[in-house]
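Working notes, beginning with the structure itself.
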Amino acid sequence: MLQLFNGISVSSILLLIALGLAITFGLMKVINMAHGELIMIGAYTAYVVQNLFAAYLPDAAFGWYFALAIPASFAVAFAFGLVLEMGLIRFLYGRPLDSLLATWGVGLVLQQIARSLFGAPNVGVTSPEWLNGGITAFGGAVFPYKRLFIIGLVLVCLFVMYLYIYRSHSGRRMRAVMQNREMAACLGISTRSVDAVTFAIGSGIAGIAGCALTLIGPIGPSIGTYYIVDAFMVVVLGGVGKLVGTVFGALGIGLSNTLFEYWTTASLGKVLVFLCIVAFLQWKPMGLVAMRSRSLDN
Amino acid sequence: MLLRTMPPQRIWLLAGYAAAAAALFCAPLVLSDFRLNLLAKFLAYAIVALGLDLIWGYTGILSLGHGVFFGLGGYAMAMYLKLNAGGGRLPDFMDWSGLTALPWFWKPFGSLTFAVLAGILLPMLLALVLGYFTFRNRIRGVYFTILTQALVIITVTLFIGQQAYTGGTNGVTGYGKLFGYSLASPDTKRFLYWVTVVLLFGAFSLCRYLVKSRFGKVLRAIRDGENRVRFIGYNPAVYQKVAFSISAGLAGLAGMLFVLHVGIISPSMMGIVPSIEMVLWVAIGGRGTLGGAVLGAILLNSAKSAFSESYPDIWILFMGALFVVVVVFLPKGAAGLFSQLKRVGRRKAADEGANGVRHPAV
């Protein structure tokens, strides 16, 4: 039971990270290896907000810093994403492997900058008082509030993303570009601005993920690299272009990771998960949910 | 006579090769033992770069997993050295982890022939298996790249986790003798340098032969239009698998040489960062040109050892920036820059000459 809960908790974080990746990959065929560093930026934003609250506001207000940290993380990562898209990604359109290498370079630089700004050792973010403790459920298993809060946060993000993608004008434009870029451009959609905004939103979500990670443990300059490969596996497993695929991909990887590691050891568990993914791709090479298209090369 | 019949480009190329060969021959006379050992290490890296170029530059498949193949080769050689260093005793890290008998898969590594064969064939086999399960489903491009990166992660966690069998984070080290000769002595080092030079030439010739053959033409065709190749009647998956596997074998060979030069192999040398650094060597030197790949590996590593010792922070910034600059501005690397300059120069000459003949673009 507790394992199941842990698995869902891991999945929820993976989902938050993979959401942005899946969207940008589906839309622009760009693999953003700097995504992990956007997570890091979000995490350090939360750290800075916490320090500002501790320094300038009365103690009573401190507990509420997290409410401000979430939008702040989103905003900062959003801005970084926008700059990254306009300054670099835009020029690598249609060269997915190159974009992968270039963004990895960006990630390296960002990590190094964080290292010189905040120092190489991990820093801790004090969780607000109201998130300590947990619910004791049947059988004595404790569900920490922090984990529950993260799951709730992810659900909210997912819902907002759903509304944005499927129920807003901007989201409709995004889906149109995703399905057929040339046709969308012919119909008067500015694919450039759609690209930029979508990339920035994906980055912003990574920022929120970083903010959420501060609740779980200390943060460091290379916090993103720890999650990024798993998040990419979610995208590979889930397929691109549909939210559902990403959700199930994240659940699949998060749960199987936790369960396999529980049944075997941490290192063997990872191997088993990888084998499962490769086996699964034999059955569905394009992932769980693939966008249908008649084009040969997609 | 022969020179006169050759196109000028060919002559330049030959001259370049001759110069490179001369430089490698003279190096032991000029360089100190320490520098020579470094150079030997870089030459081993150049073998990896050749393999990577074959798969990335010529076939268009980006592998971020070559660290694993490199590491497997390295471990095979390290296991042989370790078994022969202890004089029949258990390797020390097994003692610490409480093993009392040698694990079965360590036993055959007591023989050098087996270790060398395993160091090349194991990576090839792993690449073949991964290639079989991915290429046949037309999993390619970034999907394949991500899978290779996942392969790196799980291999590294596995090697760290199974401390009793692999030495964990510390890796396998603490040997020091090859055929009874100390690995640290300058004579052995010089000998190993020559071995590396010969193997690099061998690897280069192999890759050159492959690239010039019909096989190489199909590889390039796959890179430029996989579906067309399929429609013509080739099965791209077979070619991709074979190329990937050869490339992995070269990485394994390089790993073995690396262990002989450096004297240690550990999971951190096969991780994500080293794997992607290998890609950078090829990118810098110029993908799609074998000479460029070799040159890139040697140049970048020389720069790294010059800078990173005194300014490790700046080196990381520099490497990150280099990735961006090379990918955005120099997609064909230094070799591409060279031919670009040549083309510009030639066009200028053609424009200036009153009846200059325009050469067709190369």
Side-chain angles (χ1 to χ4, degrees), chain A residues 21 25 29-31 33-34 87-88 91-92 95-113 115-116 120 222 225-226 228-233 235-236 240 264-275 277-279 281-287 296-298, chain B residues 56 60-62 64 129-130 132-134 136-147 149-163 225-228 230-231 271-273 276 279-280 283 287 312-329 331:
Chain A
L21 277 179
F25 182 53
K29 296 282 177 289
V30 158
I31 284 287
M33 293 296 272
L88 177 68
F91 305 104
L92 295 171
R95 290 157 63 190
L97 293 179
D98 287 356
S99 71
L100 187 153
L101 292 177
T103 48
W104 193 77
V106 171
L108 213 56
V109 171
L110 287 178
Q111 267 188 38
Q112 190 54 41
I113 292 176
R115 214 167 281 139
S116 20
S222 54
T225 45
Y226 183 75
I228 193 76
V229 177
D230 273 348
F232 274 124
M233 296 310 275
V235 178
V236 170
V240 291
T264 62
T265 61
S267 56
L268 275 180
K270 283 228 184 278
V271 177
L272 286 175
V273 173
F274 180 71
L275 292 181
I277 291 171
V278 172
L281 290 178
Q282 303 307 305
W283 175 46
K284 276 186 182 276
M286 297 306 292
L296 198 54
D297 292 303
N298 42 21
Chain B
W56 185 35
I61 299 166
L62 178 58
L64 296 182
V129 171
L130 185 66
Y132 174 78
F133 283 112
T134 45
R136 86 182 183 134
N137 288 314
R138 303 182 198 178
I139 297 172
R140 52 174 191 256
V142 283
Y143 285 89
F144 181 79
T145 307
I146 291 168
L147 283 177
Q149 192 163 47
L151 178 73
V152 172
I153 291 256
I154 62 160
T155 316
V156 170
T157 19
L158 194 65
F159 271 67
I160 292 179
Q162 306 296 317
Q163 175 148 17
E226 190 178 331
N227 282 317
R228 293 191 191 185
R230 187 170 285 122
F231 297 154
I272 286 193
V273 176
I276 207 161
V279 172
L280 184 60
R287 61 186 103 151
D313 297 359
I314 295 183
W315 170 253
I316 293 184
L317 280 181
F318 177 71
M319 195 166 82
L322 209 57
F323 256 108
V324 179
V325 169
V326 166
V327 166
V328 176
F329 298 106

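Numbered from 1 within each chain, the chains take letters A, B, ... in sequence-line order.
In this structure, the side chain of Q282(A) engages the main chain of V278(A) through a donor-acceptor pair within 3.5 Å.
Looking at I31(A), the atoms closer than 4.5 Å to chain B (heavy atoms on both sides) all sit in the side chain, from C-beta outward. Contacts between R230(B) and chain A at a heavy-atom distance below 4.5 Å are absent for every atom of the residue. In this structure, the portion of I153(B) lying under 4.5 Å from any heavy atom of chain A is its side chain and not its backbone. Neither the backbone nor the side chain of L280(B) comes within contact range of chain A, judged by heavy atoms closer than 4.5 Å. Of the two parts of L151(B), the backbone and the side chain both hold a non-hydrogen atom closer than 4.5 Å to a non-hydrogen atom of chain A. Only the side chain of V229(A) comes within contact range of chain B, with at least one heavy atom under 4.5 Å from a heavy atom of that chain. Both the backbone and the side chain of L97(A) come within less than 4.5 Å of a heavy atom of chain B. Contact of I139(B) with chain A is made through the side chain alone, with heavy-atom distances under 4.5 Å. Within the 4.5 angstrom heavy-atom criterion, only side-chain atoms of L88(A), from C-beta onward, approach chain B. Interface residue F232(A): backbone and side-chain heavy atoms are both found under 4.5 Å from chain B.
Atom CZ of R136(B) is separated from atom OH of Y132(B) by 4.0 Å, given to the nearest 0.5 angstrom.
Enclosure of atom CZ in F274(A) by more than 12 non-hydrogen atoms of other residues, nucleotides or ligands within 6.0 angstrom is indicated.
The candidate with the highest count of non-hydrogen atom pairs below 4.5 Å against chain A, out of G141(B), G161(B), A150(B), is A150(B). Note on S116(A), G269(A), A102(A): by heavy-atom pairs under 4.5 Å with chain B, the leading option is A102(A). With respect to chain A, the highest number of heavy-atom pairs below 4.5 Å among T157(B), I272(B), V142(B), L130(B) belongs to V142(B). Of the listed residues (V324(B), V152(B), I276(B), V273(B)), the one with the most heavy-atom contacts under 4.5 Å to chain A is I276(B).
Annotation for M33(A) and T103(A): closest pair N-OG1, 3.0 Å, computed over non-hydrogen atoms. For T145(B) against L62(B), the heavy-atom pair with the smallest separation is OG1-O, 3.0 Å. Of all the heavy atoms in V109(A) and A321(B), the pair that sits closest is CG2-N, 3.8 Å.
Annotation: side chain of I316(B) is in contact with side chain of R115(A) (closest heavy-atom distance under 4.5 Å). At least one side-chain heavy atom of I61(B) sits less than 4.5 Å from a side-chain heavy atom of F144(B).
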*Determine, stepwise, if the pair F318(B) / F323(B) fulfils ring pair (Phe, Tyr, Trp, His ring centres under 6.0 Å).*
CA-CA 9 Å; F318(B) 177 71; F323(B) 256 108; over 10 Å; no
